[in-house]
Number of protein chains: 2
Amino acid sequence: MQDDEAPRRRGRPKSLDRERLVDIAMRAYWEAGPQGVSVNALCQMAGISKPSLYREFGGEDGLMRAALEAYAASVLDRVVGLLDGPGSFAERLDAMASFFAEDPVFAHGCLFTKLRAAKPLAGDDTRALVVAIEADTRAAFAAFLQSARDGGDWAGCVPVALGARYLDAQFGLALASRAAGVPVAEVRAVLDLALSVFVARAAS
Amino acid sequence: MQDDEAPRRRGRPKSLDRERLVDIAMRAYWEAGPQGVSVNALCQMAGISKPSLYREFGGEDGLMRAALEAYAASVLDRVVGLLDGPGSFAERLDAMASFFAEDPVFAHGCLFTKLRAAKPLAGDDTRALVVAIEADTRAAFAAFLQSARDGGDWAGCVPVALGARYLDAQFGLALASRAAGVPVAEVRAVLDLALSVFVARAAS
DNA sequence: ATATATTCGTACCACTAGGTACGATAAATT
DNA sequence: AATTTATCGTACCTAGTGGTACGAATATAT
């Protein structure tokens, strides 16, 4: 890292704090949902003018994509950390359940799942990133389940691909429930019941 | 039924076909989602003027509620028909899975679940009906499970209330998946896996 | 025929959405 | 000091939202 190698160009120095705006947008889209936040409102929150926003991000789509990128880097990456983390198959599954159903981070739901649900309404760039993250997540779930099967921790006749879709669906359901205000305990109970299909057969 | 006992009042005879408008609104909200349909668009589809709509329904909220009422009467009532229908517990569970995951009626998803997801955006009247239907559905699921438990068809330590929430959640998930365009076979596979928690313990 | 009652739709309202033209501003370069 | 370059924000644009004022239209009652 060569510091911020003084690129002192000509012109008026820019006062727009890109990181700050992206962070504000991420939190706003996250809490209120993409439909519940307008560029006008975002500009007001950040204390900047609309042309500044459009100069930096090209439009609503660009800002939304940047917000989703920041979200993926700060929140979604923790998921793969749990998937590849230590502990047995059952322990890691339980850690995932705790994370999605109980962690305060998801008190207002998940920006990614909200954007995925509002897929047709987002711009092209945002939508493209959504499907990319979707594919990555699926692949991570599939790899997690495949290693469990190879290790003999997950017996049964359920194909790995179906299991990955199932994990995706159930975690998404839990996150949507939390966004809807369902009590944490209920979300956890439903999710635990859903995930019991991965462990019940061998145990009893 | 005393026919349409000529209530020939004074004034200009009304040309607005209430049923037709409700039906058009119901299908539009159903397919495009409540966010995707404006009153202007609805008026254009029905070939009427906006004041006519407001005279009849008082506003967007009134029309949306009427559309949801029509939907509940024509589609949602079929669910309780399946719950109270003939067959064993497992057979009725399977019938429900077929209905939600495969029936062409739900090719575009479910109006009720879409309205429930967009809860904060609908008007007061519509929202009230949504929560009422929600409660009825929950109660119907709970009664269904209670009778299964009483009849010895559903053993296990899962409380009835949790089972009802679980059914609600999983059926809602299936309907949302169908609305999102997920292939019928995949929706069915995920739903079957989720519902296996009701039968697996005793079988194996 | 005239008055009354009721429904009709044209044309508007205020408001918000995403997006932009353009002159003011503030630095480096000459 | 004058010029160039780049970013700034005020003020506007078009399109679309839910909603309404009001006069024209069409029936019955007098």
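Predicted model, so just to flag it, every value in this text is computed and none were measured. Protein chains get the first letters and strands the later ones, always in sequence-line order, with residue 1 at the start of each. Computed over heavy atoms, backbone and side chain alike; hydrogens, waters and symmetry mates excluded.
- Asp168(B) CG to Arg138(B) CZ: the interatomic distance, rounded to the nearest 0.5 Å, is 4.5 Å.
- Distance Gln44(B) CD to dT10(C) P: 12 Å, rounded to the nearest Å.
- Listed nucleotides dT28(D), dC8(C), dG18(C) differ in distance to Lys50(A); the shortest reach to its side chain belongs to dG18(C).
- Arg9(A) has its CZ atom 12 Å from the P atom of dT29(C), to the nearest Å.
- Summarising the geometry, the separation between CZ on Arg10(B) and C1' on dT6(C) is reported as 10 Å, rounded to the nearest angstrom.
- Within the 4.0 Å cut-off from OP1 or OP2 of dG16(D), not a single side-chain nitrogen or oxygen of Ser38(B) is found.
- Taking the side chain of Arg55(A) as heavy atoms from C-beta on, and the options dG18(D), dT7(C), dC8(D), the nearest nucleotide is dC8(D).
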ring-ring contact (aromatic ring centres under 6.0 Å, His included) evaluation trace for Phe171(B) with Phe141(B): CA-CA 11 Å; Phe171(B) 292 147; Phe141(B) 287 156; 5.6 Å; yes

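- Checking dT6(C), dG19(D), dG9(C) against every side-chain atom of Ser52(B), the shortest atom distance belongs to dG9(C).
- Each of Gly11(B) and Leu16(B) has a nearest nucleotide on DNA chain C; the 5'-most of these lies closest to Gly11(B).
- Atom CG of Asn40(B) and atom P of dG9(C) are 15 Å apart (whole Å).
- Contact annotation for Pro51(B): base contact, defined as any heavy-atom pair under 4.0 Å involving a base atom.
- As a whole-Å value, the separation of Glu56(A) CD from dG19(C) P is 16 Å.
- Arg27(B) CZ: 12 or fewer foreign heavy atoms inside a 6.0 Å radius.
- Among dA29(D), dG19(D), dT17(D), the nucleotide with an atom closest to any side-chain atom of Tyr54(B) is dG19(D).
- In this structure, the NZ atom of Lys14(B) is 18 Å from the P atom of dA5(C), given to the nearest Å.
- As a whole-Å value, the separation of Leu42(A) CG from dT16(C) P is 16 Å.
- Residues Val190(B) and Ala169(A) share a closest heavy-atom pair of CG1-CB, 4.3 Å.
- The interatomic distance linking Ile48(A) (CD1) with dG9(D) (P) rounds to 8 Å, in whole Å.
- Counting atom types as modelled, Arg12(B) pairs no side-chain N or O with a base atom of dG9(C) as donor and acceptor under 3.5 Å.
- When the nearest nucleotides of DNA chain D are assigned to Ser49(A) and Gly58(B) by heavy-atom distance, the more 5′-ward of the two goes with Ser49(A).
- For Glu60(A), whose side chain is taken as the heavy atoms from C-beta onward, the closest listed nucleotide among dG19(C), dC8(D), dT10(C) is dG19(C).
- Checked by atom type, the side-chain pair Asp150(A)/Gln146(A) shows a donor-acceptor distance below 3.5 Å.
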